[in-house]
Structure formats: structure tokens, C-alpha cells
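Take a look at the structure set out below.
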Amino acid sequence: GASNESSQAQEPAENQETEAEEPATEEEDSANAESASSEGTKIGFLAPTLQTEFFISIDDGLKKECADRGWEYVSVSFDNDSAKAVTNIENMVTGECDIIIAMVSDSSCDAALAAAQAEGVKIMECGVQTEVYDVCLNTDQYAVGVAIGDMASEWMNNQLGGAGKVVVYTTFQNQDMQNRGQGIQDAIKEKSPDAEILEVVDIGKDVVGSGTSTTENMLQKYPDLNTIVCYGDAAAVESMEAAKAAGVDSENFGIFSCDGTAQALEGIANGDPQKGTIAFAPLAPMMAEYSERLMAGETFTEVITAETITITSENLSEYYTAE
Amino acid sequence: MHKPDSAVFKRKVWAASGSGMRGNMANTILSVREIVKDYPGVRAIDHLSFDVEEGEIHALIGENGAGKSTLIKTLSGAITPTSGTIIVNGREFSKMDPILAKEQGIGVIYQEFTLVPGISAAENVFLGEKTSAGIFVDIKDRERRAKELFDQMHVEIDVSKPVRDLSPACQQIVEIAKAVSKDVKILIMDEPTAPLTVSEVETLFQIVRNLKKRGVTIIYISHRLEELFELADRVTVMRDGAYVGTEKIQDIDRQKLIAMMAGRELKETFPSRNTDLGEEVLRVEHLYGNGDKDISFTLHKGEILGFAGLVGAGRTELMRVIYGADPMESGKIFLHGQEVQIHSCNDAIASGIGYIPEDRKAQGVFLPMSIKWNTIINNLKAFSNGIFVDEKKENETAADYQKKFGIKTPSLDQRVRNLSGGNQQKVVIAKTLAANSEIIIFDEPTRGIDVGAKQEIYKLMNELVEGGKSIIMVSSDMPELMGMSDRIVVIYEGVKTGEVAKEEFNQNYILDLASGGNENGTDEKNMD
Amino acid sequence: MEQTKKTWIDYYKKFGIYIFLAAVFIFFAAAAPNFLSYKNIINILRQVSMFGIVVTGVSAVMIGGGMDLSVGGQMAVVGMILGYFMVNMNMGIVPAIVIGIFIGCLFGSLNGLVAVKLHVAPIIVTLSMMLVLQGVAYLITGGYPITGMPEAFTMIGQGYIGVIPVPVIIFVIFIIFGWIVMNKTYLGRHIYALGGNKEAARLAGINVDRLTVFIYAFTGFAASIAAIIMVGRTNASQPGAGSSYPFDCMTAACLGGISISGGEGKISGVVVGVIILGILDNGLVLMGVNSNFQSVVKGLILLAAVAIDCYQVKTKKS
Amino acid sequence: MEQTKKTWIDYYKKFGIYIFLAAVFIFFAAAAPNFLSYKNIINILRQVSMFGIVVTGVSAVMIGGGMDLSVGGQMAVVGMILGYFMVNMNMGIVPAIVIGIFIGCLFGSLNGLVAVKLHVAPIIVTLSMMLVLQGVAYLITGGYPITGMPEAFTMIGQGYIGVIPVPVIIFVIFIIFGWIVMNKTYLGRHIYALGGNKEAARLAGINVDRLTVFIYAFTGFAASIAAIIMVGRTNASQPGAGSSYPFDCMTAACLGGISISGGEGKISGVVVGVIILGILDNGLVLMGVNSNFQSVVKGLILLAAVAIDCYQVKTKKS
Ligand SMILES: Nc1ncnc2c1ncn2[C@@H]1O[C@H](COP(=O)(O)OP(=O)(O)OP(=O)(O)O)[C@@H](O)[C@H]1O
Ligand SMILES: Nc1ncnc2c1ncn2[C@@H]1O[C@H](COP(=O)(O)OP(=O)(O)OP(=O)(O)O)[C@@H](O)[C@H]1O
Ligand SMILES: [Mg+2]
Ligand SMILES: [Mg+2]
């Protein structure tokens with residue numbers, strides 16, 4: 001089993017070597033030349049969950065990218081359970097994946113990833129940087145938080161003359177989100193020193209509806225609340241609906257978050273309390289690109305950082321068109 | 001108005017059946033044809049056919065496991081027969097279901113309780129009935145009507161109390177009320193008197209006779225043969241799932257019936273024993289607890305001490321305290337003159353006390369387990385080397401008891417759930433005896449057991465006391481209690497009202513004590 | 001049979017859960033800022049309505065001796081279907097709602113039918129159903145939420161009639177209906193009988209199979225009503241909705257005195273149980289308590305409430 | 001008494017779950033690439049070990065007539081404590097493990113004690129416990145995972161003895177032990193007795209309270225062993241671990257023929273149930289099946305297996 005797998009894993013790499021110079025973006029049309037090289041390549045995508053829009057869109061994007069390249073593709077959710085992540089890495093190795101794109105949350109899968117590497121599988125870590133990877137596409141969650149905070153601060157300074165009454169939503173269920181929440185708080189303190197952070201709320205598990213009830217409760221607790229800064233769009237759009245239902249002044253009420261989901265963009269477009277969100281550069285094409293480069297034998301020492309885009313009503317039209 | 005002995009029972013019999021013979025009863029209301037019921041590994045009913053005539057009281061008897069309950073369950077639609085037909089009022093059915101049976105006017109009192117424990121007695125009585133028009137229930141009306149029914153039966157039951165809080169006897173009365181409250185044409189009663197004592201039995205008989213007068217046909221199952229002679233017009237005997245014969249009650253006597261049931265001659269007596277009462281083994285002093293007040297008595301080596309009382313007197317409660325199943329509030333228990341502390345059943349077992357509980361389903365057997373598993377569970381230590389169970393010894397012991405009691409089963413691996421009621425009871429007894437205790441408490445040991453097996457149990461009790469053991473016997477079967485006991489302690493509402501020595505045994509006297517002594521001798525329950 | 005005099009335990013038995021409610025209420029009124037405002041009370045009621053409707057449905061099943069772990073999945077699928085019809089297919093609000101309710105009842109009946117026909121324990125049937133429906137909810141749109149419901153539809157979740165939020169009105173109608181059915185009608189008494197002793201109910205001529213299917217269908221109905229409110233309230237259909245409901249519903253029902261083994265419990269108790277949980281959720285947030293600590297508090301409260309409730313039952317029996 | 005001949009149903013009753021296992025195995029051997037390799041089989045065994053140990057514990061409780069929904073929380077807390085002691089406090093491996101196991105047993109006993117002393121239904125006790133422990137697991141480090149266990153410790157989760165992974169060896173020892181206890185010893189018989197009829201067990205002189213506490217403690221023991229493997233395998237303590245375990249364990253136990261009402265079921269069946277789930281997880285991934293679709297498949301398989309199992313019971317009973 002083992003020798004077989006590693007030779008298979010090497011094979012495409014050798015083929016790629018001969019044409020390593022070719023830019024990685026042209027392979028779609030030059031199917032003839034490419035098919036020999038990347039045929040049989042198999043990508044395994046390991047996501048913490050395949051039940052939120054963010055990860056689903058990566059999954060869908062990757063599926064398409066792989067299909068375009070004639071690659072095999074498999075995706076698995078480990079349901080935020082490290083033991084399951086380890087299990088699925090093992091299963092992907094058995095399933096003869098050449099590259100595992102692991103969106104794991106911490107170093108808990110290192111041993112399994114190292115074992116996979118030993119079998120000749122290339123590891124692309126994404127969203128986290130641990131000790132085991134061939135290429136790492138990281139997003140600095142703290143920096144994302146800062147970007148959200150900056151965006152909110154700017155709005156508060158312009159719209160409210162800096163007199164923001166802010167509640168920050170974070171969740172302690174996940175280390176990344178905790179870092180993001182910290183970034184939000186630090187940025188607001190720095191950029192909008194007059195704004196008051198009334199409370200940092202841990203909204204708990206990512207349960208549908210928790211954004212709604214938390215916002216309703218916060219509006220009760222702080223009648224002068226005018227800004228909600230949230231770690232993600234899922235809870236933010238629920239907050240937006242709750243705020244609307246409570247009859248807040250949409251003009252002077254701001255909700256800021258991250259992910260760039262359709263509903264958030266729609267809210268910004270409609271003049272709802274949602275005033276801004278942070279979108280990520282589409283990850284799937286980037287992952288596909290780096291997979292190709294990995295298969296070509298390229299090695300990466302630097303961490304590749306994914307871009308983030310701040311979307312507010314000013315630049316909304318570039319990213320959103322109403323139906 | 002209690003019958004002191006079976007002679008009086010018999011005299012009454014003739015009178016009762018005489019009056020029952022009014023008109024010609026040639027009209028067949030119910031017949032079964034070639035009914036077969038198979039269970040995995042067992043044929044419970046084997047090509048059975050018989051007829052019931054309109055307006056008669058038709059007794060159905062047979063040994064434990066003969067298939068009586070199974071047969072009536074096919075009639076009520078509780079189960080589906082493997083093959084055969086049921087003819088009710090001239091209509092043929094290949095199977096029944098409870099709703100269909102109800103439409104045909106069939107009502108049943110099952111051997112096992114079919115009450116809903118969490119709801120009130122009144123609602124249980126009218127379970128599944130529409131007592132008022134529309135979609136709304138009039139609960140007050142139900143309670144009033146239930147109360148009327150109980151009043152007619154001369155029993156006092158709180159109709160709004162959940163039935164789980166009632167004693168087994170009261171629950172049985174609720175069952176009876178449930179069946180008679182309906183306008184049934186055929187009423188089937190499967191051992192209705194098993195949990196009852198004399199006075200309720202009398203009430204029940206009254207009800208049955210009244211129903212008969214109203215033209216209701218009754219199928220009556222009982223192991224208490226004397227009841228048949230008092231009530232029944234005809235009797236059908238079953239054996240091993242098959243039909244043996246039907247006789248008019250006048251044409252047959254007890255001995256012949258037993259022979260038909262057992263397939264052989266069987267002597268029915270309370271076998272005599274010769275034991276000398278030895279030293280005192282158990283003494284209870286001023287025991288309070290579990291509703292019992294200030295009870296004292298002694299038990300000697302080689303003695304059978306009977307406990308008499310009406311339903312709800314608190315005998316079972318007393319036994320449970322002695323056995324450590326319920327807490328004692330105050331009082332002392334001495335074994336061989338030494339005071340012992342019994343805080344749990346395990347303490348009791350360790351002190352050499354064994355207990356055969358009255359409610360076999362709830363307290364006696366482990367239904368999902370096999371017969372042999374059940375047999376040794378009370379004394380596993382003796383069947384193991386400290387850790388592992390000795391399965392060879394388990395098999396031998398279980399086989400022993402099966403032979404001794406004639407437990408009817410295809411194999412010792414059979415789950416107890418699949419045994420007939422009486423056979424389950426035998427397993428309970430086997431299980432307690434296998435624990436080899438010095439003092440054994442038998443609480444209603446023969447409830448639901450056929451005559452043959454009863455003889456076995458009596459014989460066994462004698463063997464036990466002859467072997468130096470001592471027995472406490474709680475029984476609501478007065479002849480049995482008087483036949484077996486050396487002494488009888490009488491309990492009335494948690495208080496000991498008397499102790500009767502063998503020489504003074506007299507049913508009337510004991511019943512008097514059981515209803516609160518001489519002063520209160522004419523309790524309302526005893527009028528009529 | 002002599003009546004022993006009533007002890008405080010008997011009073012507790014009767015009023016226990018209300019005493020508990022009062023205690024919790026007083027505690028937060030004193031400790032949580034803004035708790036006692038009129039608006040916050042309305043707020044709490046609005047927050048519990050959706051959940052309360054589902055719990056009422058689950059309680060009916062539990063009283064009937066069953067269990068429904070699949071309500072969350074039912075809500076998710078019904079929610080997705082609502083969104084799909086109204087947004088992706090531009091269907092009118094009324095037909096979409098009718099279809100949604102129909103499908104909810106269908107899922108419920110399916111639970112009942114499988115339990116009845118295959119003779120499988122309800123907890124397993126509905127556990128399987130939950131797994132299946134959770135998968136199905138994601139398969140409808142491939143996992144993407146559906147947003148942008150018609151304005152009029154969101155009114156169901158967000159609107160008011162007078163000063164009372166629409167969900168609260170639906171909730172109140174629902175529990176009054178549930179209370180009358182369970183306490184006053186034959187149907188309700190039959191459900192209690194079914195839960196208390198199924199065989200006895202069957203032998204008493206109650207069509208237990210049909211009744212079972214009916215109760216599960218009713219739970220499906222409750223789940224679909226809740227799904228409508230949920231979608232209206234968040235203006236979005238989300239496939240992950242209701243994933244915490246199996247336990248949450250069980251918690252609320254048990255808190256409200258519904259027995260796990262069936263045949264016992266009252267709708268009024270359930271409502272109180274739901275409100276207690278709602279007050280906890282609201283009050284602890286107002287007090288700024290960490291959400292993990294909230295979980296600890298809820299666990300202890302559930303245990304305490306049920307322990308006191310069981311204490312008397314035990315005292316009575318032994 | 002005459003014996004009617006055995007039908008295929010009787011054979012199914014005896015071998016049903018094995019037939020099911022064989023069918024699933026053959027299906028994936030044919031349909032899933034690389035499924036049938038020696039390494040993959042070892043792989044599957046390693047993957048199920050941790051879960052299998054917990055399910056064995058839960059099954060013991062279920063056979064004894066109880067239920068344990070708190071195993072996931074127990075695992076999370078024990079895992080966090082292990083990490084805290086070894087990493088944050090630099091404690092040695094052996095004392096940390098001993099303390100971890102001790103704490104697992106403690107949680108279990110606490111479940112048992114509360115159930116026994118407060119007379120609360122086990123499902124509610126352990127549900128409360130789950131809520132509490134899930135909260136506590138997050139409170140230990142404020143929600144951050146702990147990583148960087150000592151090398152030797154990770155061996156427990158990742159190492160091999162010969163060609164067999166250490167977790168598999170622990171699992172096998174555990175089930176052999178469990179099987180012997182449940183089938184051959186009188187302790188095992190007492191557990192079946194307790195689950196079969198608690199009152200009769202008490203009257204048979206079994207100290208049912210002590211036994212109950214013991215069984216729950218055993219489940220806690222199983223959970224702590226699983227926690228050790230989990231932490232070793234992932235080299236990390238995570239507060240969210242085991243959150244799906246309450247249902248997963250119930251699924252596996254029911255699949256393996258454990259009855260919800262207690263007193264019935266075999267350890268051997270449970271092992272097969274666990275392995276079937278492991279094969280599904282592995283085979284469906286190898287086949288590249290969408291994870292939401294996997295949920296649907298699992299739901300249907302559970303239902304089918306239990307339905308066939310119940311079919312005979314029904315035939316027997318009616
Ligand atoms: N569910 C079942 N599965 C297997 N065998 C059964 C089942 N029910 C009854 N039997 C068997 O059918 C036979 C007849 O049982 P039944 O209960 O009808 O006897 P019975 O005449 O009523 O006895 P008893 O006087 O003890 O009540 C018994 O041998 C019993 O073991
Ligand atoms: N579970 C219970 N809850 C409340 N009261 C009970 C319960 N069980 C029995 N009782 C009451 O306790 C008293 C004695 O009960 P029980 O009928 O068992 O006594 P007994 O002398 O053993 O009678 P039996 O002749 O039925 O064996 C009765 O008043 C009865 O109503
Ligand atoms: Mg019978
Ligand atoms: Mg008694």
C-alpha cells in the first residue's frame with residue numbers, strides 16, 4: 001500500500017517538473033498538454049463544517065476548480081471535532097488524495113498531517129498555521145478583527161461624531177473567533193476612542209437564532225445602543241432583522257461584521273442597519289492555484305496571506321448587484 | 001355471610017345453578033372452531049373448538065400454561081390466532097381486534113392488569129368510552145358514575161386518585177368496574193378473584209349473578225375450583241392447548257375436574273406433616289412502619305405461621321419491612337434471640353430470610369431473562385466462585401426446579417416473559433427457594449397457580465419445615481391458610497387484632513378479627 | 001381509605017413549578033438591569049414563542065409515551081422549503097405556508113407511521129429522522145441560506161398586533177388550543193391513556209396506531225408553525241436551524257414536569273418550563289454572564305427543578 | 001411441549017447484526033476504492049476505538065436500565081484537565097492520567113449518586129450534567145484549546161505495538177473485559193437484573209443504589225480512557241470535544257441491539273454496531289460522498305437495522 005501510494009504521489013510531480021515554467025493560470029484551455037500531467041490528481045478538502053455559507057462556498061468553488069482541471073475532489077466536514085479531523089485525514093490518505101487542504105483550527109492534527117506527508121501527500125493548511133504543511137494560506141484572524149473594527153470606527157466617527165455605543169459579539173467556542181473578537185475591540189479602542197464598548201458578548205455556540213435573541217436582549221439592556229460589531233455575518237444578519245423589528249433608526253444604527261455573505265450585502269444595499277462587512281478574496285481559486293504549484297514541485301517557505309476586502313455602501317456596487 | 005367451609009359452598013352451588021337453568025339455553029352466542037396459536041417454539045392453542053351458549057356462565061379451566069389466557073386473548077382481539085375461526089352471534093371472524101370485539105359486545109377482565117397507572121380510577125373505568133356527546137369529556141360526570149359503580153359494589157375507592165396508588169385488590173376492582181360499566185353481551189373474566197379476599201369475592205359473585213340475570217353471557221376462568229361450583233353452569237377443560245371436554249357442572253365433581261385437567265388422578269388435600277415446633281427463630285417486637293402499627297409476633301423453627309387480613313390490611317407492608325424492602329420506623333427484630341438490624345433486602349438475605357413477593361410481574365421476575373437466569377439470581381454468590389457464574393450448576397438447579405414444579409416450557413432458555421402467568425409464579429418461587437433461606441416468607445404463593453402445582457407447593461412447604469426451616473405465609477385463600485398454618489396472625493388496618501392457634505381455627509372467627517375485631521364485627525363490607 | 005393531611009410537599013407538587021418561576025423572576029428582577037421593564041417582558045415572551053410552540057408539540061408526544069428528537073430537523077427542512085418556494089420560485093405567501101405546514105405534518109406522520117408499522121422505539125425513529133432531515137435541509141440548496149422573504153411574510157415573525165408581537169399571539173393561541181385538547185377532550189384523555197399504558201389503551205378499543213400517527217403529525221404541525229415564525233423572524237431560511245432543539249425541547253419539557261416515560265405532565269407546566277428557560281436566557285445575558293457559565297446554570301436549574309418534583313413522587317410511593 | 005421449527009427470523013435474531021455488518025462490508029469492499037486494504041482496515045479499527053470504548057460504557061449503563069447523555073461532556077472536561085495538568089502545570093504523564101481517570105469516575109459516580117439520591121430519571125440527570133460539564137470545559141481555559149502534550153503521552157493515541165495501533169489494543173482489552181464482566185460474572189448478571197426489573201433486583205438482595213453508582217462510575221471510567229486516547233491522538237485538549245457524543249453513542253448502542261428500556265443487549269452487538277458506523281464513516285469518505293448525504297445514509301441505516309431487529313420481537317410478543 002505505502003510504496004504504491006508514494007510513487008503515485010510522486011508521479012504527477014515529476015511530470016510537472018518538465019513544464020514547471022508554464023504559468024499556472026493557462027491550464028484550462030491547454031487541456032491536451034495538461035491532462036497528462038495532472039490527470040488523476042485528487043484533492044481532499046477538510047472543513048470544520050460544511051454547514052455554513054463560508055465553507056460551503058469554498059467547497060463549491062473547489063469542486064468547480066477541480067472539475068475544470070479534470071481532478072478528483074472529495075470534501076469532508078469534521079464538525080469542529082479534532083478527533084474526527086484526524087480520522088478524516090487518515091481516510092483521505094487511504095483514499096489516495098494527493099493534496100489535503102486542511103482548514104483545521106489548531107495543531108491537533110499535526111501528527112496526522114505529518115503521517116500523511118510521510119505517505120507523500122502534500123498538505124495545504126488554510127486559516128491556521130501550525131508546524132506541518134507544504135503550503136500555508138493563512139488569514140490572520142486578529143487582523144480581520146482589526147479590519148472590522150476599523151470599518152466600524154470610521155462609520156461611528158463620521159456618522160455619530162464618535163459617540164458610538166458599541167456591543168461586540170464574539171464567541172468563545174473557537175480560538176480563531178476569539179482572536180478576531182480581540183482585534184475588533186483593540187481597533188475600536190484605538191480608532192474611535194470616544195466610543196464606548198458597552199459589553200463584549202459571547203454569543204455561545206453558532207446556533208441559528210442566537211444573533212436574534214442576543215440583539216433583542218441587548219436592545220433592552222442598552223436602550224442607547226447604536227453599534228453592533230459582530231465576528232461573523234451569520235449572527236450579524238440576524239441582529240439586523242432583530243434591530244429592524246425593534247424599530248431602530250436604520251440611518252444611525254450600524255452593524256458590522258465579516259464574511260461578505262449575500263444577505264449582509266443585501267442589507268447594506270437596502271440601507272438597513274448593516275453598514276459594512278469584510279469579504280475574503282475567493283479562497284477556492286487560490287487553493288486550486290497553489291495546489292497546482294505544489295503538484296509542480298514548488299515549495300513554499302513564506303506563509304501566503306489571503307486578502308480581505310472591506311465592503312461598505314461606498315464600494316458595494318463592485319461586489320453586489322441587486323436582482 | 002361467609003361460607004365457613006367448602007361444604008357450604010357446595011350447597012349454594014346447587015341453588016345457584018338451579019336458578020340459572022331457567023329457559024332453554026340452546027342458543028349458541030359464541031363458538032371457536034379449530035383455533036391454533038403458535039408462538040416461536042410453542043403451540044399455545046392446538047385446534048381448539050368449543051361453544052358458549054347465550055346467558056350461561058361458562059367456566060374455562062386448565063393447568064397453568066394450558067392456554068386459557070391465550071384463548072381469551074384471541075377472542076378479545078388482543079392477539080391474532082395463527083388459524084381458525086371465531087363465531088360471534090352467527091358472524092364468522094378469522095381474527096378479532098379490540099375495537100371489533102367491543103362492537104360485538106365482548107368485554108374482558110384480563111389476568112394481567114390493563115390499567116393506566118397515572119390516571120384516576122374514574123377515568124380508567126371509562127377508558128376508551130364516550131361518556132358524553134361531542135368532543136369534550138365531562139370528568140365530574142365520570143367521577144360521579146364511577147363512584148356509583150363502586151358504591152354498588154360496596155367498596156370505597158377514591159375515584160380521583162391515580163390507580164397506581166391503589167392496592168392490587170382495589171386495582172382489580174377497578175378492572176371489574178371497567179368491564180361491567182359497559183353494556184356487554186359476553187363478559188370474559190380471567191382469574192378475576194386471584195388478588196381478592198373473601199369479602200370482595202362475595203361482592204364479585206353478586207355482580208356476576210346480577211349480570212347473568214340481565215342475560216349477559218359469562219366466560220369465567222379460575223383456579224379456585226370451588227368458585228365454579230358456586231357460579232358456573234358448564235365447564236370446559238383445556239390441557240396443553242387442546243380441548244379436553246365440556247361438562248354441565250351438576251354432572252361433575254371436583255375430583256373428576258382435576259383429573260380432566262391434569263390428565264391423571266390427583267389427590268387434593270392439605271398434606272399432613274409431622275414436625276415438632278422447635279425454638280423461636282424470629283421475634284418481632286412493637287414494629288411500626290409502612291402503615292403498620294405496633295406489631296409483635298414470634299415464629300418457631302419448623303412452623304408455618306399464617307397471616308390473615310382483608311385487602312389492604314397491611315400484611316404485605318409488614319413483610320416488606322421485615323425483609324428490609326421498606327424502612328422500619330421503630331421496633332425490634334430478633335433472630336434466634338439476637339437483635340438484628342435489617343436495613344436492606346441484602347441484610348435480610350444474609351440473615352437467612354427469603355421473600356416471595358405477591359406481585360410477580362413488578363417484584364418477582366425478570367421478564368426479559370431466561371428461566372434459568374431467573375432461578376439463580378437471588379443467590380448468585382452460591383452459584384459463583386466469587387466472580388464468575390457457574391453455568392453448569394445453574395443449568396442443573398434450574399432443571400431441578402423445573403421438574404419439581406412442572407414449569408411448562410420448551411426450554412430453560414425461554415424468556416420468562418413468554419411463560420403463562422402461573423408458570424411465571426412457579427419461577428418466582430423457585431428463585432426464592434434456590435436462595436436456601438432459613439425463614440421464608442410466602443406472600444400469596446398460590447395466586448394464579450393450578451391445583452396440581454398448588455399440591456406441589458404445599459408439599460414443598462411441608463418439606464421445608466420438616467427440614468428445619470420456618471415459613472410465614474400470607475394468603476387470602478382462607479381454606480389454604482387454615483389448612484397449612486400452625487398458627488394464624490390476623491391484621492386489620494395495620495394493627496394486629498388477634499392470633500389464633502390451630503385448634504381454634506374457624507373461618508368466621510378469623511374473618512371477624514380481620515374486619516376489626518368483635519366490636520366492629522359488622523363492617524359494612526360484610527352486610528348483604 | 002383515610003386521607004393523610006396535606007403537607008407542604010403536596011402544595012409544592014401542585015404549585016412547584018410556579019414557585020420556581022416566581023423565584024427565578026424575582027431573582028432577575030433584582031439582579032438584572034432593565035429586566036423588569038414592560039418592553040423586556042414582551043421581549044422574553046417573543047423569544048420563547050417559537051421554542052414554546054415546538055415544546056408544546058414535543059410534550060404532546062411525550063405525554064403519549066413517545067419522544068421526538070427530530071423537531072429541529074423538521075423545522076430546518078420546512079424553513080428551507082418555505083424559503084425555496086417564496087424566494088426561488090416566487091410562490092405566494094399563503095400557498096407557501098400551507099405547503100410548509102402540510103410538509104411538517106407529513107414528516108410528523110412519517111415518524112408516527114414508522115414507529116407504528118416497524119415497531120421501532122420512537123426515540124430511535126426520530127433520531128434517524130433527525131439525521132436524515134438534517135442532511136436533507138442542506139441538500140435543498142447545497143447548504144446556502146435563503147434570504148429576502150416577502151415583506152408581508154416577515155411580519156409573522158417581526159410584526160405586532162397592537163402592542164403584542166405576532167409570534168406571542170400565535171404561541172398563546174397554540175397553548176390554549178393544546179391545553180383544551182389535552183385536558184378537556186376525549187382525544188386528550190386518549191393521549192394520556194396511550195402514554196400511561198399502551199396495551200390497556202389498545203384493549204380499551206382506542207385505535208392506538210392511528211392516535212400515535214396523529215400525535216406525531218401534530219408535533220410536525222407545531223414544528224412547521226415554529227419554522228414559519230423562525231423564517232419570518234430572521235428573514236432567512238437556514239439549513240442549520242434547530243440543531244440544538246432535540247435536547248432543548250427535552251430540557252424544557254422535563255422542567256415543565258413532563259415524564260420521560262409518558263402518561264404524565266401538563267401543558268400548563270410546559271409553558272412555565274419554557275418561560276423559565278426564556279427568563280434564564282434573557283436574564284443571564286442582561287447580567288452579562290458568560291455563555292458557558294449559562295450552560296452550567298441551566299444544567300443545575302433543570303436538575304434542581306426535576307429533583308424537587310421527583311422528591312414528592314418518591315415520598316408518596318414508599 | 002412441542003417445538004415449532006425455527007424460521008429465518010430466529011436466525012436473523014441471532015446473527016442479524018453480523019449479517020448487516022457483512023452486507024455493509026461487502027458493499028464498500030466493492031464500491032469504495034482502497035477500502036479493502038490491510039492498512040485501511042487497521043485504520044477503521046483505530047478510528048472506532050475511542051468511540052467504541054465510550055459506547056461500551058454507555059451500553060453498560062443502558063443495559064442497567066439507565067442512560068448517559070453526559071459522556072461527551074465528561075470527555076471534554078477530562079481532556080482539558082489532562083492538558084492543564086501536563087502542559088500548564090508540567091505534571092508527569094502517569095499522575096495526570098491517574099487523576100484524569102479518577103475525575104472521570106468521579107463524574108460518573110456523581111451521575112449515579114444524583115440519580116439514586118434525588119430519584120431523578122437518569123436521562124435528565126445526565127442531560128443536566130452534560131450542560132454543566134460542557135460549560136465547565138470552556139471555563140477551564142476560557143475556551144482556548146491546550147496543545148503540546150509530552151511526546152510519550154501522544155504515543156497512547158498515535159503509537160503502535162507491533163503493527164497494531166495502541167488505541168486498538170486498549171479498545172480490544174476494554175471490550176474483552178466488558179464482555180467477560182457482562183456475560184460471565186455475577187456483577188454482570190446483577191446489571192442485567194437491575195435493568196430488567198429494578199424492584200425485583202432490590203428484592204433479590206442486590207444493592208441497587210450502589211450498583212447504579214458503580215455502573216455510572218464505570219461509564220465515567222470509559223469516558224476518561226477515551227479522553228486520554230483523544231488527547232493523545234490529537235495532541236490537544238479541546239473544550240468542544242465530544243459534543244456530538246450523546247446522540248452518537250445512543251445511535252451506536254441501539255444499532256448494536258441495546259434496548260432503550262434496559263435489561264437487554266449484548267456487548268458483542270455493541271462492538272459490531274460501532275464497527276458498522278466506523279465502516280460507514282470511512283467508506284462514504286472513500287467514495288467521496290457529500291457529508292450531508294452521509295447523515296441521511298446513517299439515519300436510514302440505523303432505522304433499517306433496528307426495524308429488522310424489532311420485527312422479530314414484535315412477532316414474538318403479539
Ligand atoms: N408471548 C408468548 N410467547 C411465547 N409463548 C407464549 C407467549 N404467551 C404465552 N405463551 C405460551 O403459551 C402457553 C399458554 O399460555 P397461557 O397464558 O394461555 O396459559 P394459561 O392457561 O392462561 O395459564 P395460567 O393458568 O398460568 O394463566 C404457555 O405455555 C406459554 O408459555
Ligand atoms: N403504592 C401505594 N401507594 C399508596 N398506598 C398504597 C400503595 N400500595 C398499597 N397502598 C395502601 O396500603 C395499604 C395496604 O396495602 P396492601 O393492599 O398491599 O395490603 P395487604 O394486607 O398486603 O393486602 P393484600 O391482601 O392485597 O395483600 C392499603 O390501604 C393500600 O391502599
Ligand atoms: Mg392465564
Ligand atoms: Mg398483600
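Chain A is the first sequence line, chain B the second, and so forth, proteins listed ahead of strands; every chain is numbered from 1.
The pair C:Lys298-C:Asp281 counts as a salt bridge, with a side-chain nitrogen and a carboxylate oxygen less than 4.0 angstrom apart.
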Side-chain donor/acceptor pairs under 3.5 Å, residues 251-259 of chain D, sequence neighbours excluded:
{"residue": "D:Thr251", "atom": "OG1", "partner": "D:Phe247", "partner atom": "O", "Å": "2.7"}
{"residue": "D:Ser259", "atom": "OG", "partner": "D:Ser261", "partner atom": "N", "Å": "3.0"}
{"residue": "D:Ser259", "atom": "OG", "partner": "D:Ser261", "partner atom": "OG", "Å": "3.0"}
{"residue": "D:Ser259", "atom": "OG", "partner": "D:Gly262", "partner atom": "N", "Å": "3.4"}

Got a list of side-chain donor-acceptor pairs under 3.5 Å for residues 271-280 of chain C, not counting sequence neighbours?
none

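Contacts between D:Leu303 and chain C at a heavy-atom distance below 4.5 Å involve backbone atoms as well as side-chain atoms. For a residue to count as touching a neighbouring chain, one of its non-hydrogen atoms must lie under 4.5 Å from one of that chain's; by this rule D:Val297 does not touch chain C. If you measure heavy-atom distances from C:Ile123 to chain D, the contacts under 4.5 Å come from the side chain alone. Interface remark: C:Leu300 contributes backbone and side-chain atoms alike to the contact with chain D (heavy atom separation under 4.5 Å). With a 4.5 Å cut-off on non-hydrogen atoms, C:Leu69 touches chain D through its side chain but not through its backbone.
For D:Phe51 and D:Tyr245, the gap between ring centers is short of 6.0 Å. No close placement of the D:Tyr138 and C:Phe293 rings is indicated, their centers lying 6.0 Å or farther apart.
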